[in-house]
Protein chains: 2
Amino acid sequence: MTAPSKRGANAGVALYQRIRSDIEGRIVSGEWPPGHRLPFEHELMDTYSCARMTVNKVLSGLAAAGLVERKRRAGSFVSRPKVHSAVLQIPDLKAEVESRGQRYGYALLQRQKRTATREDKARLDLDLRAPILALRCRHDAAKQPFALEDRILNLDAVPDAAQQDFSEVPPSTWLVDHVPWTEAEHRISAGNADEALAADLNIDVGTACLIIERRTWRNGQPITAVRLVHPGPLYDLTARFTPSG
Amino acid sequence: MTAPSKRGANAGVALYQRIRSDIEGRIVSGEWPPGHRLPFEHELMDTYSCARMTVNKVLSGLAAAGLVERKRRAGSFVSRPKVHSAVLQIPDLKAEVESRGQRYGYALLQRQKRTATREDKARLDLDLRAPILALRCRHDAAKQPFALEDRILNLDAVPDAAQQDFSEVPPSTWLVDHVPWTEAEHRISAGNADEALAADLNIDVGTACLIIERRTWRNGQPITAVRLVHPGPLYDLTARFTPSG
DNA sequence: AGATGCCATTTGTCTATACATATTACCTGG
DNA sequence: CCAGGTAATATGTATAGACAAATGGCATCT
């Protein structure tokens with residue numbers, strides 16, 4: 001609300017929000033298809049009897065959300081989304097498990113401080129011989145192995161991690177609370193469990209697993225690379241999405 | 001540009017963008033950690049010698065991007081991101097294959113117009129007996145099966161689809177161009193190939209596959225449900241993400 | 001001490017105005 | 001007829017001022 005809701009017809013929402021829903025509605029309903037030129041700012045001004053700053057705020061917001069594209073002198077156009085994009089939420093595993101009403105368990109299987117091998121170098125963009133912390137742990141849901149985590153941490157970027165034994169607190173939880181990041185990359189794939197994995201996850205050899213690999217940087221400096229392997233039948237990622245953002 | 005660049009020190013970017021990068025920098029660098037209260041609007045006004053509307057635009061933008069939370073009377077605070085989120089891009093398969101420099105192929109395996117079974121009803125939120133189009137097709141990359149698509153289409157929502165034989169144009173491509181949607185849900189999981197799947201995809205029985213299931217609605221009305229099965233070794237999803245949005 | 005109401009502060013929204021900038025459409029001279 | 005300049009137009013950014021709404025704290029009353 002705000003802005004004296006001039007003549008009571010205002011149902012408690014801000015004017016610019018009403019205008020925005022209005023326009024969004026026409027776009028998603030197909031009334032204004034991709035490529036369609038929407039009214040000029042001064043036309044919307046007249047339509048809604050408001051100042052240009054108000055409609056400008058709306059159109060800028062829609063442009064920021066990717067629903068429209070704006071061109072000087074030409075006008076604003078409904079943009080055509082080329083790809084399906086979905087905002088994938090990858091929460092802390094502990095929170096994930098507990099939100100299903102299951103008991104969460106954690107075990108550190110291996111902790112090793114060493115210098116980067118050629119393999120590590122390929123995995124993150126590390127310098128060869130950079131000091132790293134290699135961790136291997138298991139996450140359980142309702143006493144069943146739920147994920148195997150295999151992580152390397154760049155100690156040049158996160159020296160504090162060397163002081164942490166990760167026997168109680170999972171590295172992912174510690175990192176979220178202590179290390180800001182600027183860039184992340186996820187790769188999601190499927191693979192068959194080999195013998196070692198099958199033993200650790202208590203599943204049959206050959207069972208399909210969902211593999212999530214994440215790499216994180218901070219201003220270009222590599223922080224960590226993690227590989228999470230979930231037993232196929234026990235896990236799936238879900239993403240919901242609306243074009244409005 | 002814009003706004004008379006008061007005294008030339010302006011490097012060609014708008015004032016509000018300079019302020020925004022400035023603040024974003026302090027946040028991602030950790031100088032202003034999660035929970036930290038950032039300066040009040042009137043303090044930023046003084047700092048940057050500008051009007052309140054300008055800093056308001058910056059802070060509102062940061063709030064929309066999820067970097068800060070704003071509370072009346074209390075101030076604006078750096079928000080603590082609880083989940084890793086990633087924008088997953090799921091492009092048209094044809095574009096995906098060709099962007100890898102491989103030849104794309106498509107084959108329609110099955111096309112059936114019928115009424116919804118109980119199984120279909122569970123898959124989308126269809127009414128029982130609603131008219132649907134069931135499709136099964138294969139996508140190839142460099143002559144190798146690359147994905148098996150199994151789709152149902154709600155003909156009540158998309159009557160035009162009944163006129164389309166999908167022998168040349170993949171349904172996903174046709175849909176993107178013809179049907180706007182307001183909501184989508186993705187589920188990503190892993191599974192072992194059974195005999196039928198192994199035969200269609202030309203892989204061994206038991207090979208791990210990446211399974212992507214997508215359901216799409218338009219203003220609450222179900223449009224389509226699709227299940228894409230990719231041979232594990234041949235495919236992965238990649239998402240890149242920066243907190244700034 | 002505890003409940004209650006008022007006030008100051010901060011963000012939220014809106015207006016009216018101004019000038020900058022990019023780009024198209026048009027006009028004019030060669 | 002074309003090249004080049006010019007005006008018109010729509011967006012981009014910024015300002016100053018105004019009032020609304022939410023809320024934390026303080027003062028007051030019981």
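Per chain, numbering begins at 1; letters A, B, ... match sequence-line order. Keep in mind that this is a model prediction, so the values were computed, not measured.
Looking at the side chain of Arg70(B), the nearest of the listed nucleotides dT15(D), dT15(C), dT11(C) is dT11(C). You'll find that the side chain of Glu41(B) is closest to dG12(C), out of dG12(C), dG12(D), dT13(C).
Taking for each of Ala74(A) and Tyr48(A) the nucleotide of DNA chain C with the nearest heavy atom, the 5'-most of the two is the partner of Tyr48(A). Projected onto DNA chain C by closest heavy-atom contact, His42(B) and Ala51(A) fall at different nucleotides, the more 5' of which corresponds to His42(B).
As rounded to whole Å, 12 Å separates atom C1' of dT9(C) from atom CZ of Arg72(B). In this structure, CZ of Arg18(B) is placed 20 Å from P of dG12(D), rounded to the nearest angstrom. Rounding to whole angstrom units, NZ of residue Lys57(B) and P of dT15(C) are separated by 16 Å. Rounded to an integer number of Å, the gap from Arg52(B) CZ to dT15(D) C1' is 13 Å. Atom CE of Met53(A) and atom P of dG12(C) are 15 Å apart (whole Å). To the nearest angstrom, C1' of dT24(C) lies 13 Å from NZ of Lys71(A). One can place CE of Met45(B) at 9 Å from P of dT15(D), the figure rounded to the nearest angstrom. dA20(D) atom P lies 16 Å from atom CG of Leu15(A), rounded to whole Å.
Leu93(A) approaches Ala147(A) most closely through the heavy-atom pair CD1-CB, 4.1 Å. The two residues Asp150(B) and Arg123(B) make their nearest non-hydrogen contact at O-NH2, 2.8 Å. Of all heavy-atom pairs between Val55(B) and Met45(B), the closest is CG1-N, 4.0 Å. Between Leu126(A) and Lys121(A) the shortest heavy-atom distance is O-CG, 3.3 Å.
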Anything under 3.5 Å between a protein N or O and an N or O of nucleotides 6-8 of chain D, put it in a table, one pair a line.
| from | atom 1 | to | atom 2 | distance (Å) |
| --- | --- | --- | --- | --- |
| dA8(D) | N3 | Arg73(A) | NH1 | 3.1 |

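Note on ring orientation: taking the six-membered ring where Trp is involved, the planes of His139(A) and Tyr106(A) are tilted (angle from 30° to 60°).
At least one side-chain nitrogen or oxygen of Thr54(A) sits closer than 4.0 Å to the OP1 or OP2 atom of dT15(C). The phosphate of dT11(D) has OP1 or OP2 within less than 4.0 Å of a side-chain N or O from Ser76(A).
Legend: side chain to side chain donor-acceptor pair (under 3.5 Å) pairs involving residues 54-63 of chain A, not counting sequence neighbours, sorted by first then second residue: Glu41(A)-Asn56(A), Asn56(A)-Ser60(A).
The existence of a salt bridge linking Arg18(B) and Asp22(B) is excluded, since no basic side-chain nitrogen approaches an acidic carboxylate oxygen closer than 4.0 Å.
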